[in-house]
Asks: 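My structure is below; once you've seen it, I'll send some questions.
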Amino acid sequence: MKNILVGVTGGIAAYKSANIISLLKKRGYNVKVIMTKNATNIISPLTLETLSRNRVYVDMWDEKPHYEVEHISLSDWADLVLIAPATYNIIGKVANGIADDMLSTVISATQKPIFFALAMNVKMYENPILKDNIEKLKKYGYNFIEADEGLLACNYIAKGRLKDEKEIVDEVERYFIYSNIDNYFNLLKGKKILISSGRTREEIDPVRYLTNNSSGKMGYSLAQAAVDLGAEVSLVSGPTELTEPNGLVKYLKVNSAKEMYEEIEKEFENTDIFISCAAVADYRPKEYQQEKIKKADGNLFIELVRNPDILLEMGKRKDKQFLVGFAAETNNIKENAIKKLKKKNLDLIVANNASTMTKDINSIEIIRKDESSLIFNNRSKIELAYEILKIISCEIIKNEK
């Protein structure tokens, strides 16, 4: 498993490093920690030693016996360095070549990927000096995890809050996945990808609606993976509880199948690849009741009418677009997926069991036009997203020859 060196600086969010380290350990990574002296005023080194199960490094001149040049041995040991939280101060130091403590010295000595998870007061976050330093470091290949908006320690509600710990760990994990793909920076460069995701919601009355169990995780994973692989990505999303992926060109939120159809129709002509991953309701109530339907004696009957079949319609309009569908089935999975592939004029279809809708792990079968297929069992949805996109890229290249 990969080795991750976590740098903890003296921002108030330093206490969140404990959860980051815990999550990394749970996912099987080896973790070592360097803390600045200011960070030790916020969280105890003993806490992070216990969680990482490794000695925590603070002082360049530590009296504990050691027989290596530690800032070099640590930089050699790490596969990736994560600074969380990354303060205004540490960014300024690194950008200007200052190495006056253990952490900044290790950063200056490492040639491995370095990620800064930003966290600071909003006024510091918006300081043009910080912006200049970040741009400078990006040119040298340093990576940045943007801060979120929320309640800050200074009692402002603004941007500067450390990104959710799970999202930080997810971003690190994604790097290890896509950096192993040959020529990953250029795999989908310049391609315009349109993705639909999530469930749709069909209103019955002001308090009731028809929907399904889709979480949107697969579609959001595809959107983020496509951005990582260089594509220009637009995501049309039904209701979900997920965070908007980073780097999207467009993020269009809708509720109903009709609204989703309208947004996809607008974007489709200028799209190179359309991935229909949303769980779209096949039916909607014929009439929307303006007032809440009251309980009465006997049964209630609601007449349903068909929604537009988005993928079928796009299949009819297809010109240069590469179309990918999903088939979430409960029985005869491959057989039903192939029928959908042919009926809707698709180039590829991803078949899976509908029971995985809310889960992080999935098993899929990717089926091509000629009905040849590839099976991927028990993978995370983000891993599957990269596999799907690799196959899409290969099919497009094959079709262009």
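Hydrogens, waters and symmetry mates are skipped; everything else that's a heavy atom, side chains included, is used.
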Asks: Show the numbers, then the answer: is there a side-chain contact (heavy atoms from CB on, under 4.5 Å) between Ile145 and Leu118?
Replies: CA-CA 6 Å; Ile145 300 173; Leu118 299 169; over 6 Å; no
Asks: Any chance you could lay out the side-chain hydrogen bond (donor to acceptor under 3.5 Å, both in side chains) test for Asp370 and Ser372, step after step, and finish with the verdict?
Replies: CA-CA 6 Å; Asp370 63 4; Ser372 63; 2.6 Å; yes
Asks: Salt bridge between Glu383 and Lys381, side-chain N to carboxylate O under 4.0 Å?
Replies: no
Asks: Just list the side-chain donor-acceptor pairs under 3.5 Å for residues 83-90, sequence neighbours left out, or say none.
Replies:
residue: Thr87; atom: OG1; partner: Ile90; partner atom: N; Å: 3.3

Asks: Got Val350 and Glu365 here, is their nearest side-chain heavy-atom distance under 4.5 Å?
Replies: no
Asks: Is Tyr288 atom OH crowded by more than 12 heavy atoms from other residues, nucleotides or ligands, each under 6.0 Å away?
Replies: yes
Asks: Flag yes if more than 12 heavy atoms outside Lys343 fall under 6.0 Å of its NZ atom; otherwise flag no.
Replies: no
Asks: Can Gln224 and Leu248 be said to form a side-chain contact (heavy atoms from CB on, under 4.5 Å), step by step?
Replies: CA-CA 8 Å; Gln224 188 61 71; Leu248 297 177; over 6 Å; no
Asks: Using a strict threshold of under 4.0 Å (side-chain N to carboxylate O), is an ion pair present between Glu313 and Lys318?
Replies: no
Asks: Test your reading of the model: is there a side-chain donor-acceptor pair from Asn54 to the backbone of Val31, 3.5 Å cut-off?
Replies: yes
Asks: Side-chain donor-acceptor contacts of residues 129-144 below 3.5 Å, not counting sequence neighbours, with atom names and distances?
Replies:
residue: Asn133; atom: ND2; partner: Ile129; partner atom: O; Å: 3.4
residue: Lys136; atom: NZ; partner: Ala95; partner atom: O; Å: 2.7
residue: Asn143; atom: ND2; partner: Ile114; partner atom: O; Å: 3.3

Asks: Supply the atom-to-atom distance Ile302 CD1 to Arg284 CZ, rounded to the nearest 0.5 angstrom.
Replies: 14.5 Å
Asks: Closer than 4.0 angstrom, basic N to acidic O: yes or no for Asp170 and Lys166?
Replies: yes
Asks: More than 12 non-hydrogen atoms from neighbouring residues, nucleotides or ligands closer than 6.0 Å to CZ on Arg208, yes or no?
Replies: yes
Asks: Verify side-chain contact (heavy atoms from CB on, under 4.5 Å) between Val33 and Val8, making sure each step is shown before the conclusion.
Replies: CA-CA 7 Å; Val33 181; Val8 184; 3.9 Å; yes
Asks: For the OG1 atom of Thr40 and the CE atom of Met35, what is their distance to the nearest 0.5 Å?
Replies: 6.0 Å
Asks: Could Asp76 and Lys112 be called an ion pair, given the rule that one side-chain N must be under 4.0 Å from one carboxylate O?
Replies: no
Asks: Counting C-beta onward and ignoring hydrogens, is there a side-chain heavy-atom pair between Val169 and Ile20 closer than 4.5 Å?
Replies: yes
Asks: Looking just at side-chain N and O atoms, do Glu303 and Tyr283 make a donor-acceptor pair shorter than 3.5 Å?
Replies: no
Asks: May I ask you to decide if Tyr178's main-chain N or O and Asp228's side chain share a donor-acceptor pair within less than 3.5 Å?
Replies: no
Asks: Determine whether a donor-acceptor pair (N or O, by modelled atom type, separation under 3.5 Å) exists between the side chain of Ser196 and the backbone of Cys277.
Replies: yes
Asks: Could you check whether Lys191 pairs with Glu232 (Lys NZ or Arg NE/NH1/NH2 to Asp/Glu carboxylate O, under 4.0 Å)?
Replies: no
Asks: Would a 4.5 Å heavy-atom cut-off, applied to side chains only, mark Ile366 and Ile364 as touching?
Replies: yes
Asks: What's the separation between atom CG in Asp347 and atom CG in Leu323, rounded to the nearest 0.5 Å?
Replies: 6.0 Å
Asks: Do Phe176 and Tyr29 have their ring centres less than 6.0 Å from each other?
Replies: yes
Asks: Scan Arg161, Lys159, Lys163 and name whichever one has a side chain to side chain donor-acceptor pair (under 3.5 Å) with Asp148.
Replies: Lys163
Asks: Just by distance, do the side chain of Thr50 and the backbone of Leu46 share a donor-acceptor pair under 3.5 Å?
Replies: yes
Asks: Give the table of side-chain donor-acceptor pairs shorter than 3.5 Å for residues 211-219, with sequence neighbours excluded, one pair per line with atom names and distance.
Replies:
residue: Thr211; atom: OG1; partner: Thr200; partner atom: O; Å: 2.9
residue: Asn212; atom: OD1; partner: Ser214; partner atom: N; Å: 3.0
residue: Asn212; atom: ND2; partner: Ala279; partner atom: O; Å: 3.1
residue: Ser214; atom: OG; partner: Gly216; partner atom: N; Å: 3.4
residue: Ser215; atom: OG; partner: Lys217; partner atom: N; Å: 3.2
residue: Ser215; atom: OG; partner: Met357; partner atom: O; Å: 3.0
residue: Lys217; atom: NZ; partner: Thr358; partner atom: O; Å: 3.0
residue: Lys217; atom: NZ; partner: Asp360; partner atom: OD1; Å: 3.0

Asks: Would you confirm whether Ser363, through its side chain, and Asn378, through its main-chain N or O, come within 3.5 Å as a donor-acceptor pair?
Replies: yes
Asks: Calculate, to the nearest 0.5 Å, the distance between atoms NZ and NZ belonging to Lys369 and Lys342 respectively.
Replies: 11.5 Å
Asks: Would you say NZ of Lys320 has more than 12 non-hydrogen atoms from neighbouring residues, nucleotides or ligands within 6.0 angstrom?
Replies: yes
Asks: Give the intermediate values and the outcome of side-chain contact (heavy atoms from CB on, under 4.5 Å) for residues Val94 and Phe116.
Replies: CA-CA 11 Å; Val94 178; Phe116 292 101; 4.2 Å; yes
Asks: Checking Asp282 against Asn307: is there a side-chain donor and acceptor pair closer than 3.5 Å?
Replies: no
Asks: Can you tell me how far apart CG (Asn255) and CD (Glu202) are? Round to the nearest 0.5 Å.
Replies: 9.0 Å
Asks: Just by distance, no angles: are the side chains of Tyr220 and Thr243 close enough, under 3.5 Å, to form a donor-acceptor pair?
Replies: no
Asks: Any side-chain heavy-atom pair from Ser44 and Thr47 closer than 4.5 angstrom?
Replies: yes
Asks: For the residue pair Leu222 and Val233, establish whether any side-chain heavy-atom pair is separated by less than 4.5 Å.
Replies: no
Asks: For the backbone of Leu48 and the side chain of Ser52, can you confirm whether one donor and one acceptor N or O come within less than 3.5 Å of each other?
Replies: yes
Asks: Can you tell me if Glu49 uses its side chain to pair, donor with acceptor, with the backbone of Val56 under 3.5 Å?
Replies: yes
Asks: May I ask you to decide if Thr105's main-chain N or O and Ser108's side chain share a donor-acceptor pair within less than 3.5 Å?
Replies: yes
Asks: Are Arg27 and Lys2 side-chain neighbours, meaning at least one heavy-atom pair lies under 4.5 Å?
Replies: no
Asks: Could you tell me whether Arg317 sits above the aromatic face of Phe268, with NZ or CZ closer than 6.0 angstrom to the six-membered ring centre and within 45 degrees of the axis?
Replies: no
Asks: Would you confirm whether Asn345, through its side chain, and Gly315, through its main-chain N or O, come within 3.5 Å as a donor-acceptor pair?
Replies: yes
Asks: Begin with the C-alpha distance, continue with both residues' side-chain angles, and end with the deciding distance and a verdict on side-chain hydrogen bond (donor to acceptor under 3.5 Å, both in side chains) for Glu165 and Asn19.
Replies: CA-CA 7 Å; Glu165 298 96 294; Asn19 197 28; 3.2 Å; yes
Asks: Can you check whether Gln289's main-chain N or O pairs, donor with acceptor, with Asp205's side chain at less than 3.5 Å?
Replies: no
Asks: To the nearest 0.5 Å, tell me how far Ile4 CD1 sits from Leu80 CG.
Replies: 5.5 Å
Asks: So, Thr271 versus Gln321: side-chain donor-acceptor pair below 3.5 Å or not?
Replies: no
Asks: For atom NZ of Lys258, is the number of surrounding heavy atoms from other residues, nucleotides or ligands below 6.0 Å larger than 12?
Replies: no
